[in-house]
Amino acid sequence: MGAHHDHSHGHSHGNGHAHGHGHSHAPASFGHAFAIGTALNLAFVVVEAAFGIAADSVALLADAGHNLSDVLGLLIAWGAAELSKRPASKRFTYGLGGSSILAALVNATLLFVAVGAIAWEATRRLGAPPVVDSRALIWVAGAGIVVNGATALMFARGRHGDLNIKGAFLHMAVDALVSAGVVVAGVLIAFTDQWWIDPVVSLVVVAVILWSSWGLFRDSLGMALQAVPPGIDSDRVAATIEKLPGVARIHDLHIWPMSTTKSALTVHLVMPGGHPGDAFLHDLQHRLEHDFGIGHATVQIEIDDGSPCHLHSERLAHG
């Protein structure tokens, strides 16, 4: 190791203390959306279950159960968004932002479970298509489009900046799509009396859900394994730091997600000319936050280029 070390956490203020400020605080502004969405979906589940019992319709009761899983998905995402706001503690030194990553992963998994249930039911119905009350199907599914579509719209603006919000959005958008598929099937059945249309449309919907949900699953699993967050190019980050005046080389660069909206970085800078001062560290942090959305950076300065850190090899193997 070099003879001189310095650590800068977030914005350096010359006294060794620093404060990181991430770009995005999306979960903080979605409390009302979660509350309204949960209430709407719970009400829809109760109404749909009541219609299912009155009409003795197993299909409606099954769909009510599926919509109940959406309420669970919303509650998981909501809980994680609230936990992410909690300050750091002695035990959880980064706070509980990581819960938003777990929530996104759980919601992606729930979507795949829903796909499996729909595919199983559709395959079973292909063998023996049941007689369907197409009018009841159209009206209830139409209500589902309104409820799920309205809820999805409330999360639409946050889906690009926060994987947890994207999970909630996808859950609702997928269900609106399922309901739309049911309406299409109901209309076609009403005109043709071909009962096989219902399971075939369900299988088409399954394919669309798989296509739309894979990205959420891949990104949330990557975040859970502390991969470089989506949208951050580690090579560009490295190149930006290496070009700074006085930096001979860098090593031991790590970038990982603290939550679905906040990222952290650690890096060692070899600077034979000596410690660059707090202004250099402040400017570096500002650039990392502005250009890459990395709000918490820890920088270690090494003076002696002749004594490479034993972690240097990790920088070379990071890809």
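Under the 4.5 Å side-chain heavy-atom criterion for Ile, Leu, Val, Met, Phe, Trp and Tyr, Phe112 and Ile209 are members of the same hydrophobic cluster. The hydrophobic clustering, which links ILVMFWY residues whose side-chain heavy atoms are closer than 4.5 Å, places Phe292 and Ile255 together. At a threshold of 4.5 Å between side-chain heavy atoms, the hydrophobic network of Ile, Leu, Val, Met, Phe, Trp and Tyr places Ile76 and Phe34 in two separate groups. Using a 4.5 Å cut-off between side-chain heavy atoms of Ile, Leu, Val, Met, Phe, Trp and Tyr, with links allowed through other members, Trp196 and Leu203 fall into the same hydrophobic cluster. In the hydrophobic clustering of ILVMFWY residues, with side-chain heavy atoms under 4.5 Å counting as a link, Val204 and Val115 come out apart.
Applying the salt bridge (charged side-chain N to carboxylate O under 4.0 Å, His left out) test to every pair with at least one member in residues 207-225, sequence neighbours left out, gives no pairs at all.
Contact between Pro229 and Met223 at its shortest, heavy atoms only, is CB-CE, 4.2 Å. When all heavy atoms of Leu96 and Leu83 are compared, the pair lying nearest together is CB-O, 3.5 Å. Between Ala238 and Leu253, the closest heavy-atom pair is CB-CD2, 3.9 Å. Here the closest heavy-atom approach between residue Gly167 and residue Leu216 is recorded as CA-CD2, 3.7 Å. Across every non-hydrogen atom of Val228 and Ile232, the tightest pair is CG1-O, 3.4 Å. Summarising the geometry of Thr123 relative to Ala119, their closest heavy-atom pair is OG1-O, 2.7 Å, with the distance given to 0.1 Å.
In this structure, the side chains of Val174 and Val208 stay at 4.5 Å or more apart for every pair of heavy atoms. Within the 4.5 Å cutoff, the side chain of Thr240 has heavy atoms near those of the Arg287 side chain. Taking the side chain as every heavy atom from C-beta outward, Leu269 and Glu242 never approach each other to under 4.5 Å. Side chains of Glu48 and Asn67 form a contact here, defined as non-hydrogen atoms less than 4.5 Å apart.
Between atom CD1 of residue Ile165 and atom CZ of residue Phe169 there is a gap of 11.5 Å, rounded to the nearest 0.5 Å. With rounding to the nearest 0.5 angstrom, the OG atom of Ser259 is 10.5 Å from the CG atom of Leu163. The distance from the OG1 atom of Thr261 to the CG atom of Asp162 is 5.5 Å, given to the nearest 0.5 Å. The structure places CG of Leu105 at 11.5 Å from CG of Asn164, a figure rounded to the nearest 0.5 Å. Atoms CG and CG, from Leu284 and Leu244 in turn, are 5.5 Å apart once rounded to the nearest 0.5 Å. To the nearest 0.5 Å, atom OG1 of residue Thr298 and atom NE2 of residue His268 are 9.5 Å apart.
Qualifying ring-ring contact (aromatic ring centres under 6.0 Å, His included) partners for Trp214, counting only residues two or more places apart in sequence or in other chains: Phe217. Considering only residues two or more places apart in sequence or on other chains, Val71 meets the side chain to side chain contact (heavy atoms under 4.5 Å, CB included) condition with Thr38, Asn41, Leu42, Leu75. Residues satisfying the side chain to side chain contact (heavy atoms under 4.5 Å, CB included) criterion with Ala117, sequence neighbours excluded, are absent altogether.
Checked by atom type and distance alone, the side chain of Thr93 never pairs as donor or acceptor with a backbone atom of Lys90 at under 3.5 Å. A side-chain donor-acceptor contact under 3.5 Å links Gln285 to the backbone of Gly295. No donor-acceptor pair closer than 3.5 Å links the side chain of Asn148 to the backbone N or O of Ala173.
Arg157 forms a cation-pi arrangement with Phe30, by the criterion of a distance under 6.0 Å to the ring centre and an angle within 45° of the ring axis.
For His251 and Glu302, the side-chain atoms include at least one donor-acceptor pair closer than 3.5 Å. Under the 3.5 Å distance criterion, with hydrogens and angles disregarded, a donor-acceptor pair is assigned to the side chains of Ser100 and Thr260.
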For the pair Leu111 and His171, evaluate side-chain contact (heavy atoms from CB on, under 4.5 Å) and give the outcome as yes or no after the intermediate values.
-> CA-CA 7 Å; Leu111 281 168; His171 231 105; 4.1 Å; yes

Going through the distances and angles, do Val247 and Val270 end up as a side-chain contact (heavy atoms from CB on, under 4.5 Å)?
-> CA-CA 6 Å; Val247 177; Val270 178; over 6 Å; no

Are Val182 and Val205 close enough, and set up right, to give a side-chain contact (heavy atoms from CB on, under 4.5 Å), and what steps lead you there?
-> CA-CA 9 Å; Val182 171; Val205 168; over 6 Å; no

Walk me through it: do Phe280 and Met271 pass the test side-chain contact (heavy atoms from CB on, under 4.5 Å)?
-> CA-CA 12 Å; Phe280 172 92; Met271 305 186 73; 3.9 Å; yes

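Using a 4.5 Å cut-off between side-chain heavy atoms of Ile, Leu, Val, Met, Phe, Trp and Tyr, Trp256 falls into a hydrophobic cluster with Tyr94, Met258. Phe191 forms part of a hydrophobic cluster together with Ile138, Ile145, Val183, Val187, judged by ILVMFWY side-chain heavy-atom separations under 4.5 Å.
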